[in-house]
Amino acid sequence: MEMKSLFSSVAATWSKHIAKVDSLLLFGDHILSVDGNLFIWAFKGIEDNLAPIARIALDDNFTPSCIMHPDTYLNKVIIGSQEGSLQLWNISTKKKLYEFKGWKSSVTSCVSSPALDVIAVGCADGKIHVHNIKYDEEVVNFSHSSRDGRPLLASGGSSGVISIWNLEKKRLHSVIREAHDCSILSLHFLANQPVLMSSSADNSTKMWIFDTSDGEARLLRFRSGHGAPPACIRFYANGRHILSAGQDRAFRLFSVIQDQQSRELSQRHVSKRAKKLKMKEEEIKLKPVIAFDCAEIRERDWCNVVTCHMDTPQAYVWRLQNFVIGEHILKPCPENPTPVKACAISACGNFAVLGTAGGWIERFNLQSGISRGCYQDISEKKGRAHKGQVVGVACDSTNTLMISAGYHGDIKVWDFKGRELKSRWDIGCTMVKMVYHRINGLLATVTDDLTIRLFDVVALRMVRKFEGHTDRITDLCFSEDGKWLLSSSMDGTLRIWDVILARQIDAIQVEVAVTALSLSPNMDVLATAHVDQNGVYIYDSNVDSYASGKEVVSVKLPSISSRGNSEDEKSDKPAVKTSESKAISESPLSSKQIPDLVTLSLLPRSQWQSLINLDILKVRNKPIEPPKKPEKAPFFLPSVPTFSGEISFKSIESTDEKGSETDKVENLKRKIDSQASHFLQVLEYSAENKNYSILTDYIKGLSPSALDMELRMLQILDETDQEELETRPEFVSIKLLLDYFISEVSCRNNFEFTQAVIRLFLKDKTRKLLEIQSEVWQRIDRLFQSARCMTYSAKMVPKGHKLAADRNAPYTGGCLLHPPGSRNLNLSASSNTYGGRLIAEVEAGIAPILTLVVASCIRQEAET
């Protein structure tokens with residue numbers, strides 16, 4: 001099975017070959033490729049060296065078929081040919097050293113032996129030669145490979161048979177008949193073990209062990225998938241498994257979590273019956289499945305899966321608890337047997353409804369396998385349900401209604417228990433497929449005009465119509481909540497339709513057309529099957545991953561590797577610092593947010609609780625021994641530490657020893673400010689784009705200790721100069737972080753995690769913020785005190801004196817006056833004289849002005 005999830009990346013692509021590449025050989029620091037000639041590629045500096053470093057032209061009458069490196073032969077390779085000869089080449093000097101005549105048969109394989117100077121050569125005539133290349137002499141007719149004390153040789157053919165040869169006796173030891181269903185691709189003995197590994201084109205790998213008394217091999221374990229492309233797939237067990245039916249007549253259960261749990265459902269003693277009848281297992285198995293349905297509610301009680309098979313007039317039931325086919329066989333309308341084309345299991349899991357190609361619909365009890373009546377339309381001939389083939393059947397969630405669709409475009413709604421026809425309507429087109437969603441009661445149909453129509457079964461009318469596919473639609477699938485409808489087509493597109501908004505919200509183009517699809521109940525994983533592909537492919541079902549709206553983006557199929565990364569993964573996902581990132585909605589609530597409720601982060605409880613009790617954990621986990629001093633970097637590599645933890649090797653500029661200490665401190669401060677941590681970079685990017693989800697995802701990925709360190713790095717420094725607070729970098733970062741907290745609390749997303757981070761932040765910064773707040777209020781209080789002193793001094797001015805404006809006057813403690821007949825006179829606040837007219841003038845004119853000045857200062861400090 002092929003997993004998503006996870007993709008492999010390409011380091012470089014070499015494209016200098018003009019013919020098909022037949023062989024590849026990893027040879028030290030080089031890669032050798034053969035396409036009629038020998039190319040040598042450099043493995044080091046692979047991104048810069050995209051051209052071959054050397055090319056060796058082989059003879060025209062020498063067609064290479066295989067290449068190998070004999071042990072202890074430095075810079076030498078042996079090339080086998082279809083003409084039967086072999087050549088020994090030195091790739092360093094690019095010279096042919098020797099040519100072996102061969103055995104007048106095409107060389108198909110060539111391997112090295114543990115014995116020096118000895119190789120094994122396999123030819124097209126079925127013979128295997130053990131040859132000494134030093135003396136150009138044949139040793140025996142088989143290569144020597146000792147396993148478990150017995151020299152055995154394994155060979156496989158196109159019929160799937162593995163032959164075991166005894167090299168000591170030089171004769172056939174045993175034959176593993178029907179080891180695989182297709183041709184053998186590779187055979188390999190495990191070192192110092194009596195175990196043989198085999199792989200075949202039937203998509204299987206098997207392990208054989210030689211531990212029987214007669215020395216024959218027995219099957220130890222195997223891994224296999226579909227030998228032919230799957231036709232139907234469906235998620236099961238809350239998305240942990242996938243049920244898959246293929247054209248290889250196999251019905252399989254794949255595990256998305258552990259591949260060891262994947263297996264094929266048993267069809268009861270197929271191997272024994274095949275041996276007894278001397279037939280292949282494939283001929284004994286049931287015909288390929290064309291449709292199936294399952295119900296998890298009755299898994300432990302009785303059979304909970306029913307399948308319809310190609311050109312088969314009966315349906316079969318399966319019990320997934322035992323991974324075996326059931327005892328009952330459901331035969332609808334035995335008087336007029338026609339192939340079963342559609343099936344459905346009721347919501348309670350007790351009944352199965354079958355539709356046939358002749359238009360008959362019949363209900364069965366799954367526990368007993370007994371028929372519970374037919375659905376008949378009096379207006380149809382012979383009392384059939386539909387005039388032509390039944391395309392699909394479905395049951396609602398309460399066993400009240402049964403819906404069926406005919407090939408000629410007629411949809412009928414039946415009473416489930418009474419089996420009476422309640423209503424019907426015609427689409428007017430030939431119907432191809434039908435899918436029913438039990439939760440919202442919507443019926444999706446596909447017609448031959450490449451149109452998807454949605455019907456409300458209760459209201460009996462069409463509610464949605466989707467168009468966009470340009471070729472035959474192969475499959476449909478509703479999301480678990482019924483808001484999305486996924487469709488695939490032979491035009492290679494996979495489209496996602498929003499049922500509520502009645503529009504397309506996503507579309508991707510794949511290399512190979514999708515034939516079947518299924519969306520997991522959690523709506524996080526999408527499984528697909530493709531044309532001529534034996535695997536089940538897994539995708540991340542994030543709608544915004546590839547495209548939006550009517551745009552269609554090409555996406556490559558996931559690779560077989562479960563550890564690599566996709567070639568397009570980095571390009572598909574927007575980078576944190578890209579300027580062309582997709583615009584994010586400014587709505588504070590998420591699209592999945594329920595009004596008046598909060599959404600949790602779904603993180604492990606221990607992760608966010610550790611933030612609250614981080615001090616206790618540090619004391620508890622305090623190391624007993626002091627940490628060891630790390631190794632120093634070489635003296636010629638000066639290192640500059642950064643906030644991210646990485647070491648930046650830069651040259652240290654020579655400074656003047658006579659320079660002032662203040663200049664050195666300022667330069668150091670400037671360097672530190674320029675080295676912003678990755679946390680601050682993400683914070684600034686999120687604030688600029690008003691998209692704090694990127695910062696939330698980044699914080700979630702940090703450990704509690706790392707997050708605590710990042711918050712502590714936002715240190716409020718005690719500076720002697722009166723620099724404005726809003727220009728100091730630490731206050732700018734704290735302001736952005738507070739904006740993030742306000743946004744997250746307003747959105748009510750990641751509720752418990754956000755509360756823990758806020759508590760951690762306030763626990764470290766509250767005292768310092770209170771000190772800053774106290775200083776600000778002291779400055780405001782001094783402004784109030786100055787205003788009060790000015791007003792009080794003005795009231796003490798004698799009659800006839802005027803208040804003078806002198807910039808050199810003290811800020812507090814008095815004012816300057818112009819008494820009559822004299823110049824400026826300084827009056828202290830202790831004067832007992834009063835000037836009534838001047839007092840009124842001060843109260844009416846100066847006091848409002850001072851009030852405005854003080855209010856302006858207060859507003860400026862408050863904004864800071």
Side-chain angles (χ1 to χ4, degrees), residues 229-233 247 288-293 308 310-311 338-344 354-361 377 380-381 384-394 403-413 423-437 442-457 460-478 484-497 499 502-504 507 509-510 512-518 528-532 550 552:
C232 307
I233 57 176
Q247 300 177 12
V289 177
I290 58 175
F292 70 88
D293 195 13
C308 306
M310 182 182 298
D311 301 329
T338 53
V340 180
K341 295 295 183 179
C343 62
L354 304 179
T356 66
W360 300 93
I361 299 178
D377 188 358
E380 300 291 345
K381 295 181 179 180
R384 297 179 298 179
H386 290 273
K387 182 179 180 180
Q389 173 184 326
V390 178
V391 175
V393 291
I403 303 97
S404 62
Y407 176 76
H408 297 287
D410 51 336
I411 300 176
K412 299 183 179 181
V413 180
S423 58
R424 61 171 296 172
W425 67 89
D426 294 329
I427 298 179
C429 301
T430 302
M431 193 175 302
V432 179
K433 194 174 184 63
M434 181 201 83
V435 176
Y436 178 72
H437 193 266
L442 293 180
L443 180 70
T445 60
V446 177
T447 54
D448 59 355
D449 59 352
L450 309 181
T451 304
I452 302 174
R453 296 176 174 87
L454 266 66
F455 295 90
D456 190 336
V457 176
L460 303 178
R461 63 186 181 89
M462 185 176 68
V463 294
R464 293 290 185 270
K465 184 178 180 180
F466 299 126
E467 297 178 345
H469 288 290
T470 58
D471 204 341
R472 179 173 61 90
I473 300 175
T474 56
D475 201 1
L476 289 177
C477 176
F478 275 103
W484 295 349
L485 177 65
L486 286 74
S487 62
S488 60
S489 172
M490 291 301 294
D491 59 7
T493 60
L494 191 152
R495 302 175 185 267
I496 303 178
W497 314 87
V499 177
R503 64 180 179 88
Q504 177 182 307
Q509 177 83 30
V510 293
V512 185
V514 179
T515 58
L517 58 88
S518 178
T528 60
H530 300 262
V531 176
D532 297 331
K550 297 183 179 181
V552 181

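Numbers for residues simply follow the sequence, beginning at 1.
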Is there a donor-acceptor contact under 3.5 Å linking the side chains of [X] and [Y]?
| X | Y | value |
| --- | --- | --- |
| T493 | H469 | yes |
| T474 | T515 | no |
| T447 | R453 | yes |
| S488 | D475 | no |

Taking all non-hydrogen atoms of both residues into account, name the closest pair between [X] and [Y] and its distance.
| X | Y | result |
| --- | --- | --- |
| R495 | A507 | CG-CB, 4.1 Å |
| G355 | I361 | CA-CG1, 4.4 Å |
| V391 | V432 | CG1-O, 3.2 Å |
| A516 | C232 | CB-CA, 4.3 Å |
| A344 | D293 | CA-OD2, 3.3 Å |
| D471 | S489 | O-OG, 2.8 Å |

Could you tell me if the side chain of [Y] sits less than 4.5 Å from the side chain of [X], heavy atoms only?
| X | Y | result |
| --- | --- | --- |
| I411 | M431 | yes |
| V499 | L442 | yes |
| T445 | K433 | no |
| S404 | H386 | yes |
| V531 | M490 | yes |
| L476 | I452 | yes |
| W360 | V390 | no |
| F466 | T451 | no |

Nearest 0.5 angstrom please: [X] [atom1] to [Y] [atom2], how far?
| X | Y | atom1 | atom2 | value |
| --- | --- | --- | --- | --- |
| H408 | D426 | NE2 | CG | 11.0 Å |
| R384 | T338 | CZ | OG1 | 9.0 Å |
| F478 | S518 | CZ | OG | 13.5 Å |
| L454 | L443 | CG | CG | 8.0 Å |
| L517 | H530 | CG | NE2 | 9.0 Å |
| D449 | T430 | CG | OG1 | 9.0 Å |

Carefully, step by step, assess K412 and D377 under the rule salt bridge (charged side-chain N to carboxylate O under 4.0 Å, His left out).
CA-CA 10 Å; K412 299 183 179 181; D377 188 358; 2.6 Å; yes

Looking at Q509 and D491, would you say the former's side chain and the latter's main chain have a donor-acceptor pair under 3.5 Å?
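The answer is yes, because a donor-acceptor pair under 3.5 Å joins these two groups.
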
Evaluate the criterion side-chain contact (heavy atoms from CB on, under 4.5 Å) for residue pair V393 and L354; output intermediate values, then yes/no.
CA-CA 7 Å; V393 291; L354 304 179; over 6 Å; no

Step by step, work out the side-chain contact (heavy atoms from CB on, under 4.5 Å) result for L486 and W497.
CA-CA 6 Å; L486 286 74; W497 314 87; over 6 Å; no

Which is it for W425 and F455 under the side-chain contact (heavy atoms from CB on, under 4.5 Å) test, yes or no, and what are the steps along the way?
CA-CA 10 Å; W425 67 89; F455 295 90; 3.3 Å; yes

